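Take a look at the structure below.
This is a predicted model, so every value here is computed, not measured. Just so it is clear: chains get the letters A, B, ... in the order the sequence lines come, proteins before strands, and each one is counted from 1.
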2 protein chains.
Amino acid sequence: MKSPRVIALAAAASIIASIAFAQDQTAKPTLDDDALHADAINYFQALPTVQPAPANNAITREKYELGKMLFFEPRLSSSHLLSCNTCHNLGMGGVDGLETSVGHGWQKGPRNAPTVFNSFFNIAQFWDGRAEDLKAQAGGPIQAAVEMNATPERVLATLKSMPEYVKAFQTAFPGQQDAVTFENVTRAIEVFEATLITPGGRFDQYLEGNRQAMTDHEKQGMRLFIDKGCVSCHNGVNVGGADYFPFGVVERPGADILPESDKGRFAVTATADDEYVFRSPTLRNIALTAPYFHTGKVWDLSQAVEIMGSAQLGEDLNEQDVTAIVAFLGTLTGEQPQIPYPMLPPNAPGTPRPELMTPAAAVVNSGG
Amino acid sequence: MKSPRVIALAAAASIIASIAFAQDQTAKPTLDDDALHADAINYFQALPTVQPAPANNAITREKYELGKMLFFEPRLSSSHLLSCNTCHNLGMGGVDGLETSVGHGWQKGPRNAPTVFNSFFNIAQFWDGRAEDLKAQAGGPIQAAVEMNATPERVLATLKSMPEYVKAFQTAFPGQQDAVTFENVTRAIEVFEATLITPGGRFDQYLEGNRQAMTDHEKQGMRLFIDKGCVSCHNGVNVGGADYFPFGVVERPGADILPESDKGRFAVTATADDEYVFRSPTLRNIALTAPYFHTGKVWDLSQAVEIMGSAQLGEDLNEQDVTAIVAFLGTLTGEQPQIPYPMLPPNAPGTPRPELMTPAAAVVNSGG
């Protein structure tokens, strides 16, 4: 059986074959907007306006509020300095704006922080998809030595020391004898993160039928995005994030952008086919989340589009096309979540003290 | 002319002289609430319900919104990792919960971060009062090598690179030819910080006439707080923060709590009288802001009260008294500001890149 990736690549090849025709089209001053809209709703879906629920983890107000506290809780890190929000800053498109994230002891992590916004819609989490859902993801950075450098034991000792947290867990997970568990920590964070959706952008308005929501230039960019084949990896509700693809399928970019040492999904599956394979990132809010790629080496969105053209499609996109595609990508910026900063309980006598020392221990399950 | 500090100490001595009488009073099962309330409104003031304005820096909605963005803006630091909120966390009583703050390169700063809440009411800022107001304070950590490690030039290049910031400055400071100045950065932050007031706590309710807002035990604590002499340094609207006092005036605490190397206000005034003199901290929200003292070496509020008793008052407070005083201090927790997390503009092509390297340069104007 062919994997969805292979099928998607085949679809890309078929799209690429039609490029000559498509380029003729883009040369026209006006687009066939009916055809574009039909293609758009075929390839993409607007973000839902009704909140979807994570599997086996119903969204409740109590879990949401607890998850929000935990998302901003620096005491989940051993230093008491780093929270989920440090690398997935809710005011910065859900990222940290660094090449690769910096964690415990000022250590630089191995990969660029993916945005937390709309991450619920990804097929799996991290660049290599090694966490099947947000719940599984949330437990990773907490324990990674180069990120928050904590242990489940330390996290539970911290949370159990504060009566407000114990009560919040009991309320969020009623009927459980011991509600303060690491599993519930990740479940609450998953619920909060699942709500971090950015609907209402002009792209979504267009998909929903408002043909005036995008300019002609942006529509030309969307036409190119579809016709050149970008859409084969970046489609669906998240305009990406739905499957795994090799980076450098046509032409390997430079070693700074795609270093040999990080073989991507190969580390998860140990399958030769998965060398340098990564989950395609969502392009939603991409204008907010520089720098780009898993290495974070590219700061300019135009340059990222050019690299994708040559590396993935074998296309030397001209400046005009790149500009139009970048204009289209700007329509993927949605309404950012408005989150009141949560109040966190004060330390209690039994709360573990911050530990700033950097362990010599090896890096575990770290980064992106 | 005697300094206010000397006058305050004289007042303390007079209060201490009356302790024998006061102790008789506290032995009673009930307090004279009329007398206590009269003393309370004599020594303390409730936080204002009308927002006071910083000198020469009127509060406007535009300055507030800009100041809020800047307060949460990690790109004011050279690493793009640290914001004002890192050390003055609005969800944690306006502090970071560390002994001393950690900044650029994971360096540990020299002093415990004072709370930003109600800091507007302090006589001056930092433990040694070296910044005359919040505006002057705000410029310090941005430039300190162990904190945000930036320069005014870098900050302005960063802010000027982003059109949204340029517009926000122009709107906040209308009529200025070049509104993006370091002075205006600090003015906007001052305006935001001046609004971080925590009124409505039970202490304030009591001061405003609601005699039932505090329990008998808490009232006993307040009686002791006044009669033992704590009130001589911790009075007024901020229950502290209004003047400078020697630490260890009766008995020097251990070198871990009061190390010889940090001579406090002496570094500001170069006056022998100011050796080991510090601005008294506000006790508002003190139950939220462990660890205590400028060294942050004491995590337990009871222990901090005991140390203050012996070091400042020459009193070995008994456990019952300490417990009552701590109960009283709990009433100083006010309503914490509810702040919607601000959206920050995306990087622009000219935005300086994050710089993670730690300079060998000397520490400038750092910490607390």
Side-chain angles (χ1 to χ4, degrees), chain A residues 68-69 71-75 79-83 85-87 89-93 95-108 285-291 296 299-303 330 333 335-349 351 353-354 356-358, chain B residues 68-69 72-75 79-83 85-87 89-93 95-108 285-291 296 299-303 330 333 335-349 351 353-358:
Chain A
K68 184 169 80 167
M69 289 165 72
F71 187 87
F72 281 97
E73 180 53 86
R75 289 166 297 185
S79 65
H80 292 197
L81 263 169
L82 307 164
S83 70
N85 189 65
T86 304
C87 299
N89 192 317
L90 300 190
M92 298 176 73
V95 300
D96 54 14
L98 300 176
E99 288 188 2
T100 63
S101 296
V102 171
H104 189 83
W106 211 252
Q107 295 173 89
K108 215 175 162 188
N285 304 297
I286 194 72
L288 307 181
T289 61
W299 287 81
D300 178 44
L301 188 51
S302 299
Q303 194 192 344
T333 301
E335 288 166 12
Q336 307 294 294
Q338 296 292 316
I339 307 294
Y341 202 84
M343 293 300 113
L344 306 175
N347 285 328
T351 308
R353 303 282 161 80
L356 295 168
M357 293 289 285
T358 309
Chain B
K68 185 169 79 168
M69 290 165 73
F72 281 97
E73 180 54 85
R75 290 167 295 185
S79 66
H80 293 197
L81 262 169
L82 307 163
S83 71
N85 190 64
T86 303
C87 299
N89 193 315
L90 300 191
M92 298 176 72
V95 300
D96 54 13
L98 300 176
E99 287 187 2
T100 63
S101 296
V102 170
H104 190 82
W106 211 252
Q107 296 173 88
K108 215 175 162 190
N285 305 296
I286 193 73
L288 308 181
T289 62
W299 287 81
D300 178 44
L301 188 50
S302 298
Q303 194 192 344
T333 300
E335 289 166 12
Q336 307 295 292
Q338 297 292 316
I339 306 293
Y341 202 84
M343 293 299 113
L344 305 175
N347 286 326
T351 308
R353 302 282 160 79
E355 285 175 16
L356 295 168
M357 293 289 285
T358 310

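- Listed here is the closest heavy atom pair of B:Leu98 and A:Ser79: CD2-O, 3.3 Å.
- For the atom pair A:Leu288 CG and B:Met343 CE, the distance stands at 9.5 Å (nearest 0.5 Å).
- Between B:Glu99 and A:Arg353, the closest side-chain pair of non-hydrogen atoms is not below 4.5 Å.
- The heavy-atom pair separating A:Gly97 from B:Pro354 by the smallest distance is O-CG, 4.0 Å.
- Counting heavy atoms from C-beta on, the side chains of A:Trp106 and B:Leu81 come closer than 4.5 Å.
- Only the backbone of B:Pro337 comes within contact range of chain A, with heavy atoms under 4.5 Å apart.
- Contacts between A:Pro349 and chain B at a heavy-atom distance below 4.5 Å are absent for every atom of the residue.
- B:Leu344 CG to A:Gln336 CD: the interatomic distance, rounded to the nearest 0.5 Å, is 10.5 Å.
- Of the two parts of A:Leu301, neither the backbone nor the side chain holds a non-hydrogen atom closer than 4.5 Å to a non-hydrogen atom of chain B.
- For B:Asp300, no part lies under 4.5 angstrom from a heavy atom of chain A.
- A:Pro74 has its side chain within reach of B:Asn89: a pair of non-hydrogen atoms, C-beta onward, lies under 4.5 Å apart.
- A 4.5 Å side-chain heavy-atom check between A:Asp96 and B:His80 finds every atom pair outside the cut-off.
- Among the candidates B:Thr86, B:Thr351, B:Ile339, the residue making the largest number of heavy-atom pairs closer than 4.5 Å to chain A is B:Ile339.
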Mind running side-chain contact (heavy atoms from CB on, under 4.5 Å) on A:Arg75 and B:Met92 for me, showing each step along the way? CA-CA 11 Å; A:Arg75 289 166 297 185; B:Met92 298 176 72; 3.9 Å; yes
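- For the atom pair CG of B:Asn347 and OG1 of A:Thr289, the computed distance is 10.5 Å after rounding to the nearest 0.5 Å.
- Ranked by heavy-atom pairs under 4.5 Å with chain B, the first of A:Cys87, A:Pro340, A:Pro291, A:Gly91 is A:Gly91.
- Note: A:Tyr341 and B:Tyr341 have parallel aromatic rings, judged against thresholds of 30 and 60 degrees for the angle between ring planes.
- When all heavy atoms are compared, the tightest approach of A:Pro346 to B:Ala287 is CB-O, 3.7 Å.
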